[in-house]
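Working notes, beginning with the structure itself.
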Amino acid sequence: MKNLAVFCGSSKGINSVYIEHAEKFGEELANNDRTLIYGGAQVGCMGALADATLNSGGKVIGVIPQRLKAVEIAHDQLTELHVVNTMHERKSKMAELADGFVALPGGAGTLEEWFEVFTWSQLGVHAKPCGLLNINNFFDPLIAMLDHTIEQGFMNKDYREMIIISSDPKELLEKMDAYSPSYAVKWT
Ligand code: AMP
């Protein structure tokens with residue numbers, strides 16, 4: 001996995017642990033010669049992740065919609081910045097460039113972006129790994145919700161098992177590298 005799309009908050013969160021771990025993740029990407037694909041903003045955990053990757057000598061590609069360039073303050077030091085027309089274009093460009101997808105803690109935007117690519121793997125639209133970096137146990141309630149979804153008969157447990165979860169950046173990336181989808185896609 002050379003190119004990794006990372007979805008994370010445009011906010012910092014209430015605890016400095018979120019920014020610190022976003023920075024550690026960026027350093028890990030750079031040290032492993034992986035290219036970061038992300039939303040192109042300078043703000044919040046997104047900005048901290050991009051800065052840490054660049055400061056450690058890594059490559060960063062941002063994809064930002066024109067309308068958000070000013071609001072989220074497009075990062076002006078990236079290796080490449082794609083300015084697109086819509087949110088949908090942003091997501092499809094990121095998906096096209098990425099070999100795998102990770103969410104770090106974030107808000108509705110982060111969750112929406114990650115769930116889209118996760119549902120695409122359920123449907124067999126792609127066969128790329130989807131991971132969660134579980135900083136500060138942030139995703140525990142989400143994982144509990146997915147388990148509840150399975151218990152209530154709305155999701156096959158095979159799809160839950162496709163999700164790669166770790167609080168350790170190195171372990172997460174190693175597991176994602178080793179991922180091979182061995183499931184029957186939903187509608188075939
Ligand atoms: P948030 O987690 O809400 O702070 O948002 C993180 C990133 O997701 C920001 O760059 C948002 O602009 C972006 N975002 C929010 N909703 C969408 C969407 N529907 N499609 C693409 N990006 C989005």
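Just so you know, ligand 1 is whichever comes first in the structure, and atom 1 is the first atom listed for that ligand.
- The main-chain N or O of G131 is found under 3.5 Å from a side-chain atom of W114 such that the two form a donor-acceptor pair.
- Contact annotation for H88 and ligand 1: no heavy atom of the residue comes within less than 4.0 Å of the ligand.
- Annotation: G107 places an N or O atom under 3.5 Å from an N or O atom of ligand 1; distance criterion only.
- Each of the following atoms of ligand 1 lies closer than 4.0 Å to a heavy atom of C8: 6 (C).
- Of all protein heavy atoms, the one lying nearest to atom 22 (N) of ligand 1 is E113 OE2, 3.0 Å.
- In this structure, R67 places its CZ atom where only 12 or fewer heavy-atom neighbours from other residues, nucleotides or ligands lie under 6.0 Å away.
- Annotation for ligand 1: atoms under 4.0 Å from non-hydrogen atoms of G9 are 2 (O), 4 (O).
- Looking from atom 4 (O) of ligand 1 to the surrounding protein, the closest heavy atom is S10 OG, 2.6 Å.
- If you look at H21 and F138, their ring centroids are not closer than 6.0 Å.
- Side chain of N134 to main chain of I165: no donor-acceptor pair is present (N/O by atom type, distance under 3.5 Å, no hydrogens or angles).
- Under the 4.5 Å side-chain contact rule for hydrophobic residues, L132 and M1 share a cluster.
- The single protein non-hydrogen atom nearest to atom 3 (O) of ligand 1 is G109 N, 3.0 Å, given as residue, atom name and distance.
- Side-chain N/O atoms of N32 and E28 include a donor and acceptor closer than 3.5 Å.
- Near T110, meaning under 4.0 Å from one of its heavy atoms, ligand 1 places the atoms 1 (P), 2 (O), 5 (O), 6 (C).
- F101 and F7 have parallel rings, their planes meeting at less than 30° on a 0 to 90° scale where 60° marks the start of perpendicular.
- Heavy atoms of A108 found under 4.0 angstrom from ligand 1 belong exclusively to the backbone.
- Scanning the protein heavy atoms around atom 18 (C) of ligand 1, the nearest turns out to be E112 OE1, 3.4 Å.
- Looking only at distances, no side-chain donor or acceptor of S56 sits under 3.5 Å from a matching main-chain atom of T53.
- Any N or O atom pair closer than 3.5 Å counts here, and L68 shares no such pair with ligand 1.
- For the ligand labelled ligand 1, residue G106 lies inside the 4.0 Å heavy-atom shell.
- In summary, the atoms of ligand 1 found under 4.0 Å from a heavy atom of E72, numbered by their order in the structure, are 9 (C), 10 (O), 11 (C), 12 (O).
- Looking at K128, its side chain does come within 3.5 Å of a backbone N or O of A95 through a donor-acceptor pair.
- For atom 20 (N) of ligand 1, the nearest non-hydrogen atom from the set E116, K91, R90 belongs to K91.
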